[in-house]
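Here is the structure we will look at, set down as structure tokens.
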2 protein chains.
Amino acid sequence: MSDTRSKLIDGAITTLRDKGIAGSSARTIAAAADANQALIFYHFGSVDELIVTACRESTAARVALYRAQFNEVTSFRQLLELGRELHTRERGAGNVAVLAQVLAGAQQDRNLAAAAQHALSLWIVEIEATLARLLKGSPIAAVASAEGLARGIAASFIGIELFEGVDPKGAESAIASLEMLGVLVEVVDDLGPVARRALRARLRRTGRASAKTLTS
Amino acid sequence: MSDTRSKLIDGAITTLRDKGIAGSSARTIAAAADANQALIFYHFGSVDELIVTACRESTAARVALYRAQFNEVTSFRQLLELGRELHTRERGAGNVAVLAQVLAGAQQDRNLAAAAQHALSLWIVEIEATLARLLKGSPIAAVASAEGLARGIAASFIGIELFEGVDPKGAESAIASLEMLGVLVEVVDDLGPVARRALRARLRRTGRASAKTLTS
DNA sequence: GTCTATAGAGGGATAGAC
DNA sequence: GTCTATCCCTCTATAGAC
């Protein structure tokens, strides 16, 4: 790993975070990295490929930082607290912002789409494993799968990050409300058999919306 | 309103949806609109201003289509169904995709940020009014505000739209799980006094995370 | 591996004919 | 209002010196 190579990756992350996908050109990235523009093509072949690499490597590094904490989570409460911490810290480091920008570009670019999916999956794997632990034996399991919930949570984080860029106060109130929904989940969890019966009854009466869940 | 003016707005929406914010230039938009490139500057002054106008006007038009349906919602169940319908239909029309792209560009552009915030607020107003009705007298009101929830829902829609571009199956499972969380909300709603007591007790025991809600 | 220089495409924006 | 033509800038990518 040459020094220039990693300088360019850092430059790409900084540029994606600060200037967005539309403002991330070979020139702007090279300027942020304090490197020569032509070296992007020497090391990565194209700007696209540099962004793909930066997205993958930076996400892998950030996720690794939190792996231990995910593994220690034993309640929905703790998961929510970790989510809040993660949101605040990654807002500074910019990994969620980078993911959001790559995701926006990925709608029209197969390369970026593959990188975005891979990067997101790194976060999702951790969230999903944690949820799977929490849902074991919980009445909530009758109503939501770890796979689906993990993806929903990851997507919501991305949306909130973008929302934060245009309305920080609104984003904060959104986060607070979603956290409170987490408290609600925990209460139902604690209600145990009562909640289980109510959920089962409700699901039986529900039409189309829960058809898939009923069969499982 | 000249014909060319609205052709350009339609062209901008199409281009934002199909090529993203990074691929929306005066030339590509004019091509999509089957109009002359110079007319963008005659009618709107700049590409940015055209995108801002397109974002505002298209969102206003789409929101107006759903206003009556929002007003008719009387249960969380119905709100979820409307959300699913809206998601499917707007995926075709592309308003959510356009919002996501403008939002991505808005992180670094004051003009776009104002337009994105305004457009989002049009959706949020409808969701919030509906939620305010549903939360009146509900135990859920102790735990989440209509303002915060409405913003959380809007942000999640944006995130899921972006996720759908890179992993359609994953996005579908995310939506299904979030819908099931809605069922959970409805069950708690029906539990009435039991849920209210449990939530109150839980909030009293909760530290930092719910400090704000406790005082209200 | 790193640099300069440059080709060639596409970008925003304007002048001026009609 | 609409068109062509054009200016000047930035973009990706490469060639070739060091």
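Proteins come first, then strands; the chains are lettered A, B, ... in the order of their sequence lines, and each starts at number 1. Below, all heavy atoms of this structure are taken into account, side chains as well, without hydrogens, waters or symmetry copies.
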Rounded distance (Å) that lies between atom [atom2] of [N] and atom [atom1] of [X]:
{"X": "A:Ile29", "N": "D:dA13", "atom1": "CD1", "atom2": "C1'", "result": "14 Å"}
{"X": "B:Asn36", "N": "D:dT6", "atom1": "CG", "atom2": "P", "result": "15 Å"}
{"X": "A:Phe44", "N": "D:dA13", "atom1": "CZ", "atom2": "P", "result": "14 Å"}
{"X": "B:Leu39", "N": "D:dT2", "atom1": "CG", "atom2": "C1'", "result": "5 Å"}
{"X": "A:Ile40", "N": "D:dT14", "atom1": "CD1", "atom2": "C1'", "result": "14 Å"}
{"X": "A:Asp34", "N": "C:dT2", "atom1": "CG", "atom2": "C1'", "result": "13 Å"}

Report task. Please state whether the rings of A:Tyr66 and A:Trp123 are parallel, tilted or perpendicular, taking 30° and 60° as the class boundaries. Result ->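 Tilted: the ring planes of A:Tyr66 and A:Trp123 meet at 30° to 60°.
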
Requested in this report: Among residues two or more places apart or on two chains, list those pairs meeting side chain to side chain donor-acceptor pair (under 3.5 Å) that have a residue in residues 144-155 of chain B.
Outcome: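 Those involving residues 144-155 of chain B are B:Glu128-B:Arg151.
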
Requested in this report: Step through the shown structure and confirm whether more than 12 heavy atoms of other residues, nucleotides or ligands are within 6.0 Å of NZ on A:Lys19.
Outcome: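 Atom NZ in A:Lys19 is not crowded, with 12 or fewer foreign heavy atoms closer than 6.0 Å.
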
Requested in this report: Quick one, give me the B/S/- string for nucleotides 11-18 of chain C, reading 5' to 3', where B means a protein heavy atom under 4.0 Å from the base and S means that only happens at the primed atoms, P, OP1 or OP2.
Outcome: BBBB----

Query raised in the report: Do the side chain of B:Gln117 and the main chain of A:Asp167 share a donor and acceptor less than 3.5 angstrom apart?
Result: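 Not a single qualifying donor-acceptor pair exists.
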
Query raised in the report: With sequence neighbours left out, what residues match A:Glu85 under side chain to side chain donor-acceptor pair (under 3.5 Å)?
Result: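 Only A:Arg89 meet the side chain to side chain donor-acceptor pair (under 3.5 Å) criterion with A:Glu85.
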
Query raised in the report: Does B:Arg84 come within less than 4.0 Å of B:Glu172, counting only side-chain N to carboxylate O?
Result: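 Salt bridge flag = yes for B:Glu172 with B:Arg84.
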
